[in-house]
2 protein chains.
Amino acid sequence: MEIQEAKRTFISLWGNFGTQWGINRSMAQVHALLLSSEVALSTEEVMDELKISRGNANMNLRDLLNWNLVYKKSVPGDRKEYFFAEKDMWEVAKRIVKERKRREIEPLIQHLNEIRNGLGKTSDSEKEFAKTIEGINQMVSRLNSLSDTLLKADEHAFFGMFMKYLKK
Amino acid sequence: MEIQEAKRTFISLWGNFGTQWGINRSMAQVHALLLSSEVALSTEEVMDELKISRGNANMNLRDLLNWNLVYKKSVPGDRKEYFFAEKDMWEVAKRIVKERKRREIEPLIQHLNEIRNGLGKTSDSEKEFAKTIEGINQMVSRLNSLSDTLLKADEHAFFGMFMKYLKK
DNA sequence: CACTATTTTCAATTTATATTGAAAGTTTTG
DNA sequence: CAAAACTTTCAATATAAATTGAAAATAGTG
């Protein structure tokens, strides 16, 4: 397999994977392109490589900057901005988890609490539904704390701990 | 807040949350409806409650059965099938993780390996790209093993372990 | 086995989401 | 400070994904 073909395969794979997890295809593909590139790329280069519009390229590059998955740099004597990806994938995983927690999980827990608090304690069906919501809330909160641990722990300590746990 | 309103809020919340994670809105809403219900519901009841078509209701109920998040039962003297949700949310989380691993994560690891294996070792750029793919593969594989641990560990042992880890 | 109830399928359609591209905005430079 | 280089915005459009609903298939009943 030729390297350019391998890169294209990877970009397409990462794009599909993204869509399965609620991340838009272009954003995942721009990310994959920058991960594949040894050098920082301009908006135009991203547009050309992926055959996407300027607006799309710009928007997704900006989003990737917000997610802290991509950085900018400028080249002396050149007005354009150049973008390159964070390549430490453990960092990447941590940052994605951190953002999704903040944007999605924590608001969800918030909403579940509100639903729970709005319920009376009179009827059996209210009590029953309150229990269900509590069960969901507990599960989500647990996964949320689990991800906190993931974020705090450094790679080796974390997996070392698991190994130890699995052996005993 | 009236309980019916609380349930509707929950169904809508769970539906939105689903879409953010690549699960279609109807499926998440059918799931939420069954989680909210004390009794098993027929396809018609699901259609009526959520205002969705028969095809949609049927398809999503079948999917939820495949995910092991919902069960069927039959009522003597009634031909219809009735559906009810698994309410142990820790079980629910485990089953979702298990399915997504099987359907999405493991094939991804497979594909990444193929890309890696197809690369030569001649040029620097090939070596560089191989490194990137390896980094991604390692990260994904690590999260995959982490979720294995999650699946194996029972609730209390697992979180007990984290507590201990965080304190020391 | 004919009839009825129920479930499943899938082409057509609708809806939600992503993308485009041209115009407006911003920054840089001579 | 005007012109050029570049970036951002956003209404219009295109595309992908979900949904419908009627027809076909299957299962249950007398």
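Throughout, a chain's letter reflects where its sequence line sits, starting with A, and its residues are numbered from 1.
Under the 30°/60° scheme for interplanar angles, the aromatic rings of A:Phe10 and B:Phe129 are found to stand perpendicular.
Nucleotide D:dT7 holds its P atom 13 Å from the CG atom of A:Leu41, rounded to whole Å. Taking atom CG on B:Asp63 and atom P on D:dA18, their separation rounds to 11 Å, with Å as the unit. Distance B:Lys72 NZ to D:dA27 P: 10 Å, rounded to the nearest Å. As rounded to whole Å, 21 Å separates atom P of C:dT14 from atom NZ of B:Lys51. Distance, B:Arg54 CZ to C:dA11 P: 20 Å, rounded to whole Å. To the nearest angstrom, P of C:dA18 lies 14 Å from CD1 of A:Ile52. Distance CD1 (A:Ile23) to C1' (C:dT19): 18 Å, rounded to an integer number of Å. A:Glu44 places its CD atom 11 Å from the C1' atom of D:dT7, with the value rounded to the nearest Å.
Distances were taken from every side-chain heavy atom of B:Thr43 (C-beta onward) to each of D:dT20, C:dT7, D:dT8; the shortest belongs to C:dT7. Closest contact between the side chain of B:Arg25 and the listed nucleotides C:dT20, D:dT20, C:dT17 involves C:dT17. Residue B:Lys80 has its side chain nearest to C:dT6 when only C:dT6, D:dT8, D:dT20 are considered. Counting only heavy atoms from C-beta on, B:Glu81 has its side chain closest to C:dT7 among D:dG21, C:dT19, C:dT7. Comparing C:dT8, D:dC6, C:dT19 by their closest approach to the side chain of A:Asn60 singles out C:dT19.
For the residue pair B:Asn60/B:Asn56, the side-chain donor-acceptor check at 3.5 Å is satisfied. Residues A:Asn16 and A:Arg25 have side chains that bring a donor and an acceptor to within less than 3.5 angstrom of each other.
Between A:Asp78 and A:Ala57, it is A:Ala57 whose nearest contact on DNA chain C lies nearer the 5' terminus.
Counting atom types as modelled, B:Arg79 pairs a side-chain N or O with a base atom of C:dT4 as donor and acceptor under 3.5 Å.
A close approach under 4.0 Å does occur between a side-chain nitrogen or oxygen of B:Arg62 and OP1 or OP2 of C:dT9. Proximity of B:Asn58 to the phosphate of C:dT7: no side-chain N or O atom is located under 4.0 Å from OP1 or OP2. Taking side-chain N and O atoms only, B:Thr19 has no distance below 4.0 Å to OP1 or OP2 of C:dA16. Using a 4.0 Å cut-off, some side-chain N or O of B:Asn24 falls inside it from OP1 or OP2 of D:dT19.
Between A:Glu91 and A:Arg95 there is a salt bridge, since at least one side-chain N of the basic residue sits less than 4.0 Å from a carboxylate O of the acidic one.
The cationic atom of A:Arg100 (NZ for Lys, CZ for Arg) does not lie both less than 6.0 Å from the six-membered ring centre of A:Trp21 and within 45° of the ring axis.
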